[in-house]
Amino acid sequence: MKLVIIGGGSSYTPEIIEGLIKRHSSFPVSTIVLVDIDEGYDKMTIVGELAKRMIEAAGVPIALSWTTNRKEALKDAAFVSTQLRVGGLKAREKDERIPLSHGMIGQETNGAGGIFKAFRTIPVLLDIAEDIHDICPDAWMINFTNPAGIVTEALLKYSPHKKVIGVCNIPFNMQHSIAEVLEVDPSSVRIEFVGLNHFVYGKKVFVDGMDRTQEVLDRLIEQVVNYSPANIVSLGWTETFLKSLQLLPNPYHQYYYKQEAMLAKDLQSYEQNGTRSEVVQEVEHKLFELYKQPTLHEKPKELEDRGGAYYSDVACSLMSALYNDSHEIMTVNTLNQGAIRDLPLDSVVEVNCVITKSGPMPLATGALPEQIKGDILKMKAFEEQVIRASLSGDYEEAFLAFLLNPLVGDEDRAKVVLDELLIAHQAHLPQF
Ligand code: NAD
Ligand code: G6P
Ligand code: MN
Ligand code: MN
């Protein structure tokens with residue numbers, strides 16, 4: 001069984017290799033091909049050599065190679081994981097710095113920055129999905145590329161390939177941190193998730209079937225639970241907020257419900273350390289120095305400084321569940337199909353699904369809770385608008401995407417930031 005990892009030069013790749021090694025008896029991948037572009041070839045070679053050492057040390061029969069020839073790599077693939085970054089971390093820097101320089105949240109998956117990441121990414125991923133459809137039509141495409149929810153919806157709506165699932169580590173992180181606080185095994189915790197990627201809420205928390213939602217909300221008030229990944233500060237929620245909301249917010253919700261405090265924090269760390277992208281570039285540099293060492297044959301602990309740490313657990317468990325038709329429940333980005341009553345059937349939502357070999361079957365969550373209904377509908381309208389603008393390259397469509405985003409708001413400021421980002425990213429926006 002063959003797995004192709006597109007964006008193979010990512011510093012996260014050793015994590016997925018570790019996940020595949022760990023699961024080899026139940027998920028027997030025999031061939032892994034890393035794919036990257038010319039700019040990423042050197043990084044991919046370092047990662048590829050480390051991956052080979054990891055596989056050899058573990059003694060599992062996996063053949064691993066790397067290439068820039070995507071079409072060739074895709075032949076006979078059963079799974080394709082997409083974890084690429086169009087324009088690299090230099091482009092991310094602009095997504096973060098330009099909004100921040102105008103007093104706007106500068107986040108690479110939310111707000112203005114996230115919109116531009118989508119503009120750069122959607123056309124590239126549509127191309128890849130077309131190749132998959134032509135070359136390995138039975139393969140599952142597991143998409144991590146952010147903004148993962150928006151990208152997955154664009155693929156499911158506009159590409160001929162329909163076996164696409166979007167993933168994120170946030171629901172997994174929330175499940176694991178809550179398990180830690182309640183001192184129970186993570187596998188006994190089931191959170192009923194409802195919403196969209198990076199805009200998902202926990203509706204109920206069950207431990208071995210017992211509803212412990214209230215207890216978890218109380219611990220959140222005491223700030224005992226901190227499930228922020230490395231890239232987001234955790235400011236904590238007020239008692240009034242949580243008592244009113246009666247749902248578990250995810251760490252990205254701080255950008256919406258604590259916009260001013262988050263902006264102040266982000267500006268402060270920008271002044272001290274530069275953008276998150278610059279911080280990540282340093283982390284990456286250190287990681288690659290470690291990866292180069294011929295004596296290293298495992299994933300180094302330092303990878304935990306990345307916000308996406310543990311993404312491989314999500315990716316590998318999902319692929320294994322698809323392969324084994326396990327009927328496990330996992331939280332993924334997939335077609336709504338009525339799971340959330342108030343959203344269109346063909347919207348992509350982040351909800352719990354039963355994973356079968358024919359794909360994720362979303363579990364019904366009913367109507368949206370009133371306290372978030374308006375926000376979710378608005379965010380979905382925003383996401384749809386981002387997709388339309390990504391495809392048309394139309395200026396007014398792009399401006400409308402900005403207006404619909406709650407982190408952008410003001411029309412005058414929206415125009416200034418939009419214009420600046422359009423110029424800054426010209427090289428990666430052929431459609432505009
Ligand atoms: P990165 O900057 O290291 O990029 C990964 C690789 O993609 C690079 O080696 C680059 O050369 C390559 N690449 C760029 N364009 C390509 C193309 N057209 N074809 C093939 N390869 C290409 O990025 P990273 O920090 O490792 O993150 C990778 C992606 O994964 C990002 O989009 C990030 O947002 C996403 N991510 C998502 C989650 C999640 O929760 N969904 C978690 C972690 C990372
Ligand atoms: C979290 C998110 C990912 C995001 C990552 C950023 O894990 O779920 O979607 O890509 O953080 O981490 P970084 O280390 O790149 O800032
Ligand atoms: Mn074709
Ligand atoms: Mn994510």
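None of these values were measured; they are calculated from a predicted model. In what follows, every heavy atom counts, from backbone to side chain, and hydrogens, waters and symmetry copies are set aside. Atoms within a ligand are numbered from 1 in the order they appear, just like the ligands themselves. Quick note: residue numbers are just sequence positions, from 1.
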Task: Glu56 atom CD, neighbour heavy-atom count above 12 within 6.0 Å - done: no
Open item on the list: Do the side chains of Glu49 and Arg53 get close enough for a salt bridge, i.e. N-O under 4.0 angstrom?
Closed with: no
Task: Part of Tyr310 within contact of ligand 2 (heavy atoms, under 4.0 Å) - done: neither
Open item on the list: I want to know if ligand 1 touches His198 in the polar sense, i.e. an N/O pair below 3.5 angstrom.
Closed with: no
Open item on the list: Within the structure, is a non-hydrogen atom of Glu39 found at a distance of less than 4.0 Å from ligand 1?
Closed with: no
TODO: Show which atoms of ligand 2 fall inside a sub-4.0 Å distance from at least one heavy-atom site of Glu108.
DONE: 6 (C), 10 (O)
Task: Enclosure of Lys162 NZ (heavy-atom neighbours >12, cutoff 6.0 Å) - done: yes
Open item on the list: I need the atoms of ligand 1 closer than 4.0 Å to a non-hydrogen atom of Lys43, numbered in the order shown.
Closed with: 3 (O), 8 (C), 9 (O)
TODO: For Val167, take its heavy atoms, then give the atoms of ligand 1 lying under 4.0 Å from any of them.
DONE: 39 (C), 41 (N)
Open item on the list: Which of the numbered atoms in ligand 1 are under 4.0 angstrom from any heavy atom belonging to Gln83?
Closed with: 5 (C), 28 (C), 29 (C)
- [ ] Measure the distances from the heavy atoms of Lys117 to every atom of ligand 1 and state whether one is below 4.0 angstrom.
- [x] yes
TODO: Answer side chain, backbone, both or neither: which part of Glu284 comes under 4.0 Å from ligand 1, heavy atoms only.
DONE: side chain
Task: Ligand-side contact atoms (ligand 1) for residue partner Asn169, heavy atom cut-off under 4.0 Å - done: 40 (O)
- [ ] Indicate yes or no for a side-chain donor-acceptor contact from Glu153 to the backbone of Val348 under 3.5 Å, with no hydrogens or angles considered.
- [x] yes
Task: Those atoms of ligand 2 less than 4.0 Å from some heavy atom in Gly307 - done: 1 (C), 5 (C), 7 (O), 11 (O), 12 (O), 13 (P), 14 (O)
TODO: Tell me which part of Phe172 gets within contact of ligand 2: side chain, backbone, both or neither, using heavy atoms under 4.0 Å.
DONE: neither
TODO: State whether Lys378 and Glu383 are salt-bridged, where the test is any N-O pair (Lys NZ or Arg NE/NH1/NH2 against Asp/Glu carboxylate O) under 4.0 Å.
DONE: no
TODO: For Arg306, take its heavy atoms, then give the atoms of ligand 1 lying under 4.0 Å from any of them.
DONE: 25 (O)
- [ ] Grab the two heavy atoms, one from Asn352 and one from Ile329, that are nearest each other, plus how far apart they are.
- [x] CB-CG2, 3.8 Å
- [ ] With heavy atoms of Cys168 as the reference, note each atom of ligand 1 found under 4.0 Å away.
- [x] 39 (C), 40 (O), 41 (N)
Task: Any donor-acceptor N or O pair under 3.5 Å, side chains Gln272, Ser269 - done: no
Open item on the list: Heavy-atom pairs closer than 4.0 Å: do any link ligand 2 to the side chain of Asn173, the backbone, both, or neither?
Closed with: neither
Open item on the list: We want to know whether Ser11 and Arg306 form a side-chain donor-acceptor pair, criterion being a heavy-atom distance below 3.5 angstrom.
Closed with: yes
TODO: Would you mind running through ligand 1 and noting each atom that sits below 4.0 Å from a heavy atom of Gly40?
DONE: 11 (O)
Task: Atom indices of ligand 2 within 4.0 angstrom of Val280 heavy atoms, with elements - done: 13 (P), 14 (O), 15 (O), 16 (O)
Task: Location of contacts on Tyr12 toward ligand 1, heavy atoms closer than 4.0 Å - done: side chain
- [ ] Check whether any side-chain heavy atom of Ser317 lies under 4.5 Å from a side-chain heavy atom of Phe27, and answer yes or no.
- [x] no
TODO: With heavy atoms of Val124 as the reference, note each atom of ligand 1 found under 4.0 Å away.
DONE: 18 (N)
- [ ] Report yes or no: does Arg92 have a heavy atom closer than 4.0 Å to ligand 1?
- [x] no
Task: Minimum side-chain heavy-atom gap Ser234-Pro251 below 4.5 Å - done: no
